[in-house]
Every structure is written in structure tokens, then in C-alpha cells.
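The block underneath contains the structure these notes are about, expressed in C-alpha cells.
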Amino acid sequence: MRRLTLAPTVAALALALGGCGLLGAETGDGPGTRTAFVELGTFSGPSREGPRATRLGPQGQTDRMYANLVAADVDNLPQAHEALIAEPPKGEIGLAFVLAGCQNTGARLEVDGQKVSATLTGAENVNCGQAEYFLATFTVPPDELVDDWTLEGAE
């Protein structure tokens, strides 16, 4: 009697799917800590362009970002407001980004030389008819950024 084993077949399938982004996709944060991730849905109001990235706290323009979200008539405004009014811990830098995507499940802070940005994670190999927007906020210790860093997509 012959016994079949599926272990090698399952392992090969997992490796193949992982390479396509279906399993085991990298979804962790980059430097710093993601503090909020809010699904905003589609922009249906007069403001169809996403608000510019900004710093959290008194050095940022979170009031302007929130006003743009209200004008765009997005979903989950109370959660977005809470994320935008949160003060970063003392000694850390808080950052906020509105990102366009499709069925994403997270976001990661990216540092490329002097440029600091964010990218969406999850939702590999999906197809959307209309962009969905997400608010992602982060805190990062200053020593994880170069001295003359710039916020990509800021005004």
C-alpha cells in the first residue's frame, strides 16, 4: 500500500504563493511606530486630491489635513480626527499621510536618504475600480532620521 505525503507539495505551494505576494507579504512597519491606520474609503466631495503629508502636533498642519478630509466626504471621520489630534510622545516626531490604494491592510514608514514617506502594505494582487484612501500616522525617534530630512508630499 502506497502512502501519499502532501508536505513537499504544500511547502512548494507556500513558497510560490509567497513569491507572488499572496502569503507572507512584508507588512511590518519601517522605522518608528505606526500609531493609526484609518480606512477613509473614496473621496466623493469636491476635494479629490489627497491631503498633503504633515507632522503631528503644533509643528504640523493637521487642521488643514482634517478639513480636506471633511471636504472630501470620507468615511470614519471621528477615527481620523482622533489620529490627527494625537500628540507624539515627548522627544518623538509624529507624521501623518493620506495614501491612495486598494483594500490595503496597513502602512509602513519609509526613509530613503533625506526623504521620509509612507507606503501601503497588504492587498497584493487585488484590482479596484476606484482608489480607496487611508490615513496612516507614525511616531519616530529623531535619531532614526537624518538631520536634514524632508517629508515627501508635504506642502
Side-chain angles (χ1 to χ4, degrees), residues 13-89 92-146 148-155:
L13 182 59
L15 285 172
L17 291 176
C20 294
L22 295 175
L23 289 177
E26 176 60 43
T27 58
D29 294 336
T33 303
R34 187 181 64 229
T35 54
F37 184 75
V38 181
E39 295 178 33
L40 302 173
T42 59
F43 279 21
S44 55
S47 176
R48 292 194 182 274
E49 182 177 324
R52 302 280 187 186
T54 189
R55 289 180 71 155
L56 296 174
Q59 295 178 325
Q61 296 189 11
T62 55
D63 288 344
R64 176 183 273 174
M65 180 180 274
Y66 184 72
N68 285 335
L69 295 176
V70 170
D73 195 26
V74 299
D75 298 334
N76 299 316
L77 282 170
Q79 295 90 334
H81 186 256
E82 287 299 313
L84 290 172
I85 64 170
E87 291 280 333
E92 293 200 8
I93 298 166
L95 304 171
F97 301 87
V98 173
L99 305 163
C102 176
Q103 300 178 19
N104 296 90
T105 58
R108 174 180 34 250
L109 192 64
E110 302 282 344
V111 178
D112 183 14
Q114 295 175 288
K115 291 183 183 179
V116 178
S117 62
T119 57
L120 291 169
T121 60
E124 287 80 8
N125 299 322
V126 295
N127 197 0
C128 286
Q130 185 174 7
E132 300 169 347
Y133 290 85
F134 303 86
L135 170 67
T137 63
F138 302 87
T139 57
V140 61
D143 63 355
E144 292 188 24
L145 303 174
V146 297
D148 54 349
W149 64 274
T150 59
L151 190 56
E152 189 171 285
E155 291 182 9

Going by the rule side chain to side chain contact (heavy atoms under 4.5 Å, CB included), which residues pair with [X] if we only count those two or more places apart in sequence or in a different chain?
{"X": "Pro141", "value": "Glu92, Asp143, Glu144"}
{"X": "Gln59", "value": "Arg55"}
{"X": "Thr54", "value": "Gln61, Thr62, Met65, Ala96"}
{"X": "Leu77", "value": "Tyr66, Leu69, Val70, Val74"}

Which atom of [X] lies closest to which atom of [Y], heavy atoms considered:
{"X": "Ile93", "Y": "Pro88", "result": "C-CB, 4.2 Å"}
{"X": "Ala107", "Y": "Arg34", "result": "O-NH1, 3.0 Å"}
{"X": "Glu39", "Y": "Phe134", "result": "CG-CE2, 3.7 Å"}
{"X": "Tyr133", "Y": "Val98", "result": "CD2-CG1, 4.1 Å"}
{"X": "Pro31", "Y": "Val111", "result": "CG-CG2, 3.5 Å"}
{"X": "Ala136", "Y": "Leu99", "result": "CB-CD1, 4.4 Å"}

Distance (rounded to the nearest 0.5 Å) between [X] [atom1] and [Y] [atom2]:
{"X": "Phe37", "Y": "Phe138", "atom1": "CZ", "atom2": "CZ", "value": "8.5 Å"}
{"X": "His81", "Y": "Asp63", "atom1": "NE2", "atom2": "CG", "value": "7.5 Å"}
{"X": "Asn76", "Y": "Leu135", "atom1": "CG", "atom2": "CG", "value": "10.0 Å"}
{"X": "Leu109", "Y": "Thr33", "atom1": "CG", "atom2": "OG1", "value": "9.5 Å"}

For Glu110, enumerate each residue passing the salt bridge (Lys or Arg N to Asp or Glu O under 4.0 Å) test, keeping only those at least two apart in sequence or located in another chain.
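For Glu110 the salt bridge (Lys or Arg N to Asp or Glu O under 4.0 Å) partners, ignoring immediate neighbours, are Arg108.
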
Side chain to side chain donor-acceptor pair (under 3.5 Å) against [X], all qualifying residues, sequence neighbours excluded:
{"X": "Thr137", "answer": "Thr35"}
{"X": "Asp148", "answer": "Gln114"}
{"X": "Ser117", "answer": "none"}
{"X": "Gln79", "answer": "none"}

Assess whether side chain to side chain contact (heavy atoms under 4.5 Å, CB included) is satisfied between Leu56 and Leu84, documenting all intermediate values.
CA-CA 7 Å; Leu56 296 174; Leu84 290 172; 4.2 Å; yes

Would you confirm whether Asp73, through its side chain, and Ala71, through its main-chain N or O, come within 3.5 Å as a donor-acceptor pair?
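Such a contact is absent between Asp73 side chain and Ala71 backbone.
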
